[in-house]
4 protein chains.
Amino acid sequence: MEKSKFFSDGDLVLLIPLNTEKIKDRHVIQLHSGEKFHTKNGMILHDDIIGKTLGSIISTHIGFNYIALDPTLKDIIKHYPKFRYKTQIIYPRDWGLIMAFAGIKNGDLIVEIGTGSGAFTAFLSSIIGPEGKIFSYEVDPDRARIAEENLRNTCSTRNYIIKIKNAEDGIDERDVDIVFIDVPEPWRVLRNAWQALRFGGQVVVYIPTFNQLQKTLKVMLLYGFIDVSVKEGFIRDFQIKPYAVRPKIKGYYFSAFIVFGRKGTFIPIKQIKEALKKFE
Amino acid sequence: MEKSKFFSDGDLVLLIPLNTEKIKDRHVIQLHSGEKFHTKNGMILHDDIIGKTLGSIISTHIGFNYIALDPTLKDIIKHYPKFRYKTQIIYPRDWGLIMAFAGIKNGDLIVEIGTGSGAFTAFLSSIIGPEGKIFSYEVDPDRARIAEENLRNTCSTRNYIIKIKNAEDGIDERDVDIVFIDVPEPWRVLRNAWQALRFGGQVVVYIPTFNQLQKTLKVMLLYGFIDVSVKEGFIRDFQIKPYAVRPKIKGYYFSAFIVFGRKGTFIPIKQIKEALKKFE
Amino acid sequence: MEKSKFFSDGDLVLLIPLNTEKIKDRHVIQLHSGEKFHTKNGMILHDDIIGKTLGSIISTHIGFNYIALDPTLKDIIKHYPKFRYKTQIIYPRDWGLIMAFAGIKNGDLIVEIGTGSGAFTAFLSSIIGPEGKIFSYEVDPDRARIAEENLRNTCSTRNYIIKIKNAEDGIDERDVDIVFIDVPEPWRVLRNAWQALRFGGQVVVYIPTFNQLQKTLKVMLLYGFIDVSVKEGFIRDFQIKPYAVRPKIKGYYFSAFIVFGRKGTFIPIKQIKEALKKFE
Amino acid sequence: MEKSKFFSDGDLVLLIPLNTEKIKDRHVIQLHSGEKFHTKNGMILHDDIIGKTLGSIISTHIGFNYIALDPTLKDIIKHYPKFRYKTQIIYPRDWGLIMAFAGIKNGDLIVEIGTGSGAFTAFLSSIIGPEGKIFSYEVDPDRARIAEENLRNTCSTRNYIIKIKNAEDGIDERDVDIVFIDVPEPWRVLRNAWQALRFGGQVVVYIPTFNQLQKTLKVMLLYGFIDVSVKEGFIRDFQIKPYAVRPKIKGYYFSAFIVFGRKGTFIPIKQIKEALKKFE
């Protein structure tokens, strides 16, 4: 993957104000020669960015300075108005947790149930590389269309396919490494997830409430998923004034419960019953 | 990357007791035809695993059942005695945070300063794929040798090089996407990190104490790193009995402060001074 | 309440090693003239403490130095072997949360359901003063006896009464300010709690699992408790080496969900039904 | 302390909307016969509340229902416009932590340095009872006056005295149980705090940033404070819909570092030096 050191027509650019930490004053735009971008601190000509080195200082017509950077995925999700949300998305604060504990890696074959706006799909796409593949199921055609656009604007590798289909009606893939589930009633697709997974493959379920968590856990044990675990993460941001370093006062302190489980070979009914009994 | 559905001689296997959640009773072993593995619950013949489907149930000579799985990286780090620690390692609970917020992805060129035992190197290796490359600096030859062995036992792609060299004396690479720093005095290598990075590239510093954090932040601002932020994450594990679901009582509630920053083009001294002044 | 500046026969003493932070080397003992106390760092004569100023340095026969302090309640709970646990206790990390958010204060009339070992009873006793009163219900006579002893060793004011009685069979008190519930099936005593409370009085329920939490919430809404809220707290301890200040790595990161609610006057059935419907 | 079951002229009332959880729609008002209170949901006559039972339903002139309760201190701090803030206050989420770990209790003699708006003073007043006493130091006469008013509106016991004085110039009290410090440069008053404390007495310092924390810790060790510890707490609020129970997504996840220490008798300089050396 060759990387450019200069901004070209068509590139995404992250603009950060040079002299303020205000997150809201950041912008991600796509460069189109001849166009203008209006900030509340003045106007920028796209042609003033095109050809510049990544990391350059760009001035508005009234002399306000921005730094121009290549955006990371988290910047795009947050600051690019063309990345549209029709749903709650899975935020960067959960991406890493899911990925590190499921062991998602280069080359993986992944089924995602619940594409949503495609934010997590884009993240997965950035990891699994050209050798990997994501099949993402979405029942809502509208959401699928928006996710498709979001991904086209974001992903450098076309290693994903969005299917407008209810995974309750079946998952077409087999020998899948990871099935990731983010739907309101995950227990309805767990059986199909089991069938799609390779032996040893992992299911990961993203669950916002206690109620869904309990039901999901019961059904996972019933279907014989093994190595079942639940994790919840949270991340604190900091105020970084060198003479007053401290965590920020307010922020996100919950997002979801993440359930992990793996597919083993046939487990004798007797043992499943015992396992369930042990838990009651 | 073709994946086997069956265990072969030379493979790593994760053994999980079928009927207990005790983490300590898990083992990762490498399969060698003809060998035996002794657990506290009886003996297993390696040849009883070789040829079996991933996820199979394996019985010891006294009838205790284990499930045999392909280990993920987190399992190897934790349960494989041949993965040796000469240092504090960076644990899975921080891998994802670093990676999601730095935007580390397939194909990246990474410099790591402080190989340690190679746990995080192995994680990076699993993400960046054959197109990516890691150059990992380690001053201690002993640690470097152990890390080398750990990585040989763990990584499926040889996309890393360990250099026995003090990064204070210079970093050889240029146009690097990410410089990751995990040494006691990170400020000593920040200038070299800056030089190694491509414009727009990211530095990530892993910092255990408040004292190191403040010094690092000041030096980063002095060198003109932009988009500087600090994050701290923690992850709660759960007890998963379906009728008594709750977070575990005790666990890891701190690991380190993670500092992020990006390299921009030359920033006028006047502006750096103003930035520093603003912070005092 | 006059306070002594010197240790007297019969006082409790907290002994802290002068030169180590090891929590396990702390002791709380009761002073008895003529007796000896054996530490792993040598022997101390009780008479070497009696008459000394609070905060004095006391040496063992082999010259190891302890500081002698008057223990706070948290020290007694933790380091006094005569404070015996037959049950999980409510730890200091939850005392304050409960107390600050329920508004427990000097002079309050409190009913506690589930005395347990009496740790939280002792805490309540220390706040409500001689004007306040605690009636604590415990079904298990054994636990009640131990709690009684624990409290006698701990409380400076006799403002508590332990009743060996199942609160499901009725609560004798009326016009109570606070009913605190710590039993496995709190929903079974909520009706009696309602009757015991004064109008405007608070119920506080201590709940370890998600499953109990959901059931409790439903029953509280059914009985018409108002201003219902749930909180969960956790507290991080720090390593305090001045040149390596940071949170400790491992510690308690969960204890329980704390549910609060208040008693209003009669709420029309129609409105309760609507409230419950809104929640489904 | 006799408690009324009915609202009287002059009482504080907490009004909670019957059918919504919106915190912003809560009000604390003081009852004055003949007056009216205007909510966005209609008008309430004070005389419609006076004489009613605590917990009664009160209707506005357009039929919107509120529940009328006696406010706890946390309600007053939050919803009573006459409780005015000229400063950051210490919030209920820290009250309990400080109090439980310092062992603050009925009858204590407390010095507070930095009255601020008096929120924490009011909390202390509610615990220590008529036997206890708080001397609160505030350099700013304006703040002192506002705190005085706040406390008059809030405290049922007049067990506090606000002094307009800089504690750096001396603390008048001796044999104090607790010195609580909440000023920007706590190290400037630590020597006076030491002198004011009884042997065995506790100092508690409320510290927002890492920088202040390190300096405070060093000075505390220098003056020979013992049993020094640092804690940080946070509290999660929950969404309580019974069929979708979960922590709220966003909230306060940091407030301050709380430092605790106790006063011992004279510690030989040699030992302090050794202690400090150990820490470097």
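Proteins get letters first, then strands, A, B, ... in listed order; numbering begins at 1 in each. Just so it is clear, the structure is predicted and the values come from calculations on it, not from any experiment. All values below were derived from every heavy atom in this structure, side-chain atoms included, with hydrogens, water molecules and symmetry-related copies excluded.
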Centres of the [X] and [Y] rings: under 6.0 Å?
X      : Y      : result
A/W194 : A/Y223 : no
A/F254 : A/Y252 : no
A/F257 : A/F210 : yes

| query | Tell me, side chain or backbone of A/D108 under 4.5 Å from chain B's heavy atoms, or both, or neither? | reply | both
| said: Need one label for A/R236: side chain, backbone, both or neither, based on atoms under 4.5 Å from any heavy atom in chain B. | reply: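 Both parts, backbone and side chain.
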Considering only heavy atoms, which portion of [X] lies under 4.5 Å from any heavy atom of chain A: side chain, backbone, both, or neither?
X      : answer
B/L14  : side chain
B/L213 : side chain
B/K231 : both
B/F234 : both
B/A102 : backbone
B/L73  : neither

| said: Do the side chains of B/D70 and B/K5 get close enough for a salt bridge, i.e. N-O under 4.0 angstrom? | reply: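 Between B/K5 and B/D70 there is no salt bridge, as every charged N stays at least 4.0 Å from the carboxylate O atoms.
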| message | I need the residue from A/G200, A/G132, A/G103, A/P71 with the largest number of non-hydrogen atom pairs under 4.5 Å to chain B. | response |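 Ranked by contacts with chain B, first place is A/G200.
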Top of [options] for chain A proximity - count of heavy-atom pairs under 4.5 angstrom:
options                       : result
B/D175, B/I258, B/I98, B/D227 : B/D227
B/D237, B/V259, B/I235        : B/I235
B/G201, B/S126, B/P247        : B/S126
B/T72, B/T53, B/L54           : B/L54
B/M99, B/R262, B/K52, B/K74   : B/R262

| Nearest heavy-atom pair of A/Y206 and A/A256: which atoms, and what distance? | CZ-CB, 3.4 Å
| Which heavy-atom pair separates B/G233 from B/S255 by the least distance, and what is that distance? |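 Heavy atoms of B/G233 and B/S255 come nearest at O-OG, 4.4 Å.
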| request: Tell me, yes or no, whether the heavy-atom count around A/Y91 atom OH, taken from other residues, nucleotides or ligands under 6.0 Å, exceeds 12. | output: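 Enclosed: over 12 neighbouring heavy atoms sit under 6.0 Å from OH of A/Y91.
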| query | Does B/S125 reach the main-chain N or O of B/T121 with its side chain, forming a donor-acceptor pair under 3.5 Å? | reply |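 It does not hold such a pair.
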| task | Run the numbers on A/D177 and A/K263 for salt bridge (charged side-chain N to carboxylate O under 4.0 Å, His left out), then give the verdict. | result | CA-CA 10 Å; A/D177 293 300; A/K263 174 178 175 173; over 6 Å; no
